[in-house]
S.K.: 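The structure under discussion is supplied below as structure tokens; questions concerning it will follow.
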Amino acid sequence: MVGNCVFCAPDRNEPVYVSGKWRVLLVDEPDYPGFCRVVWNDHVAEMTDLSEADRVEVMNVVWLVEKCIRDVMQPDKVNLASLGNVVPHIHWHVIPRYVNDRSFPDSVWSVAKREPDQKETMFRKGKIPELRKMLSDVLNEQYGLSLQR
């Protein structure tokens, strides 16, 4: 761990998959079930700081995560975001979006436009075990067994 880095500290979001270079987390966002994060393990702030092979690998992981989210969660849209203005880790947010979520069509970090439908939110939360399994299966198949075991 370096300093007070939030991505080096133990995370409240349980990893779904951990490789030597990156990890995939299911993020605990109550209003956005299925929200995932792909985090580069080392302190690297910009995509262009990675080798070409590492850039391709991390983007392939993002696309696999998006595909799993689409297959399981059936969102109206998926948002991909890489901000990282404060933390020195490349990380991608992969977020299932629905026309009736708190802030659609704005970003999930925008001011809420509506209260989410609790029945819909609970239904989506019920899909999390299936999403976790699919992510684990797909990533284990593509990249070998997760290091978190």
Side-chain angles (χ1 to χ4, degrees), residues 1-113 116 121 124-125 127-149:
M1 182 168 138
V2 177
N4 294 331
C5 178
V6 296
F7 284 144
C8 288
D11 198 322
R12 68 182 170 98
N13 301 300
E14 181 183 340
V16 174
Y17 186 93
V18 177
S19 84
K21 296 180 180 181
W22 47 265
R23 62 194 180 274
V24 174
L25 308 170
L26 261 167
V27 179
D28 183 16
E29 282 289 339
D31 293 327
Y32 299 97
F35 187 134
C36 291
R37 192 176 291 130
V38 178
V39 180
W40 195 257
N41 291 332
D42 292 332
H43 280 196
V44 177
E46 305 299 342
M47 288 290 290
T48 53
D49 292 336
L50 295 175
S51 70
E52 182 177 354
D54 286 343
R55 287 192 304 266
V56 169
E57 183 173 334
V58 75
M59 290 313 301
N60 282 336
V61 172
V62 169
W63 296 323
L64 285 171
V65 171
E66 178 186 309
K67 176 81 168 88
C68 290
I69 287 173
R70 291 184 68 199
D71 288 351
V72 173
M73 303 301 291
Q74 299 290 303
D76 297 313
K77 179 74 177 107
V78 175
N79 290 166
L80 300 177
S82 179
L83 306 170
N85 293 331
V86 178
V87 294
H89 288 266
I90 291 169
H91 62 284
W92 285 87
H93 304 272
V94 188
I95 311 164
R97 299 298 308 277
Y98 303 90
V99 295
N100 63 350
D101 72 32
R102 283 183 72 87
S103 52
F104 194 89
D106 297 337
S107 82
V108 296
W109 300 284
S110 298
V111 173
K113 293 179 175 281
T121 301
R124 293 173 189 144
K125 285 180 181 179
K127 293 181 175 187
I128 296 302
E130 181 183 355
L131 177 59
R132 179 182 304 282
K133 181 176 182 342
M134 179 178 270
L135 287 165
S136 178
D137 290 350
V138 166
L139 293 166
N140 279 311
E141 181 179 323
Q142 182 71 29
Y143 295 101
L145 291 178
S146 173
L147 299 178
Q148 76 185 34
R149 297 188 184 277

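What you see is a predicted model, and the numbers here were worked out from it, not measured in a lab.
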S.K.: Could you go through Tyr32 and Ser103, starting from their C-alpha distance and side-chain angles, then the distance that decides it, and tell me whether this counts as side-chain hydrogen bond (donor to acceptor under 3.5 Å, both in side chains)?
M.R.: CA-CA 10 Å; Tyr32 299 97; Ser103 52; 2.8 Å; yes
S.K.: Any chance CZ of Arg102 has more than 12 other-residue heavy atoms, nucleotides or ligands included, within less than 6.0 Å?
M.R.: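 Buried by this count: over 12 neighbours within 6.0 Å.
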S.K.: Evaluate the side-chain proximity of Val58 to Met47: yes if any heavy-atom separation is below 4.5 Å, no if none is.
M.R.: yes
S.K.: Going by salt bridge (charged side-chain N to carboxylate O under 4.0 Å, His left out), name the residues that satisfy it together with Asp42, two or more places apart in sequence or in a different chain.
M.R.: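 Result, salt bridge (charged side-chain N to carboxylate O under 4.0 Å, His left out) vs Asp42: none returned.
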S.K.: May I ask you to check whether over 12 heavy atoms, not counting those of Lys127, lie within 6.0 Å of atom NZ?
M.R.: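 Atom NZ in Lys127 is packed in, count exceeds 12.
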S.K.: Return yes if some donor-acceptor pair links the side-chain N/O of His91 with the main-chain N/O of His89 below 3.5 Å, else return no.
M.R.: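 Here the side-chain-to-backbone pair exists.
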S.K.: Between Glu29 and Val108, is any pair of side-chain heavy atoms under 4.5 Å apart?
M.R.: no
S.K.: Is there side-chain contact between Cys36 and Glu66, with heavy atoms separated by less than 4.5 Å?
M.R.: no
S.K.: Does any non-hydrogen side-chain atom of Ser146 lie less than 4.5 Å from one of Arg23?
M.R.: no
S.K.: Is there a side-chain contact between Leu131 and Ile69 (heavy atoms, below 4.5 Å)?
M.R.: yes
S.K.: Ignoring hydrogens and angles, tell me if any N or O in the side chain of Asn41 forms a donor-acceptor pair with the backbone of Ser19 under 3.5 Å.
M.R.: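 Side chain of Asn41 to backbone of Ser19: a pair is present.
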S.K.: Measuring only between side-chain heavy atoms, which start at C-beta, is Val61 closer than 4.5 Å to Tyr17?
M.R.: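 Side-chain contact under 4.5 Å: no.
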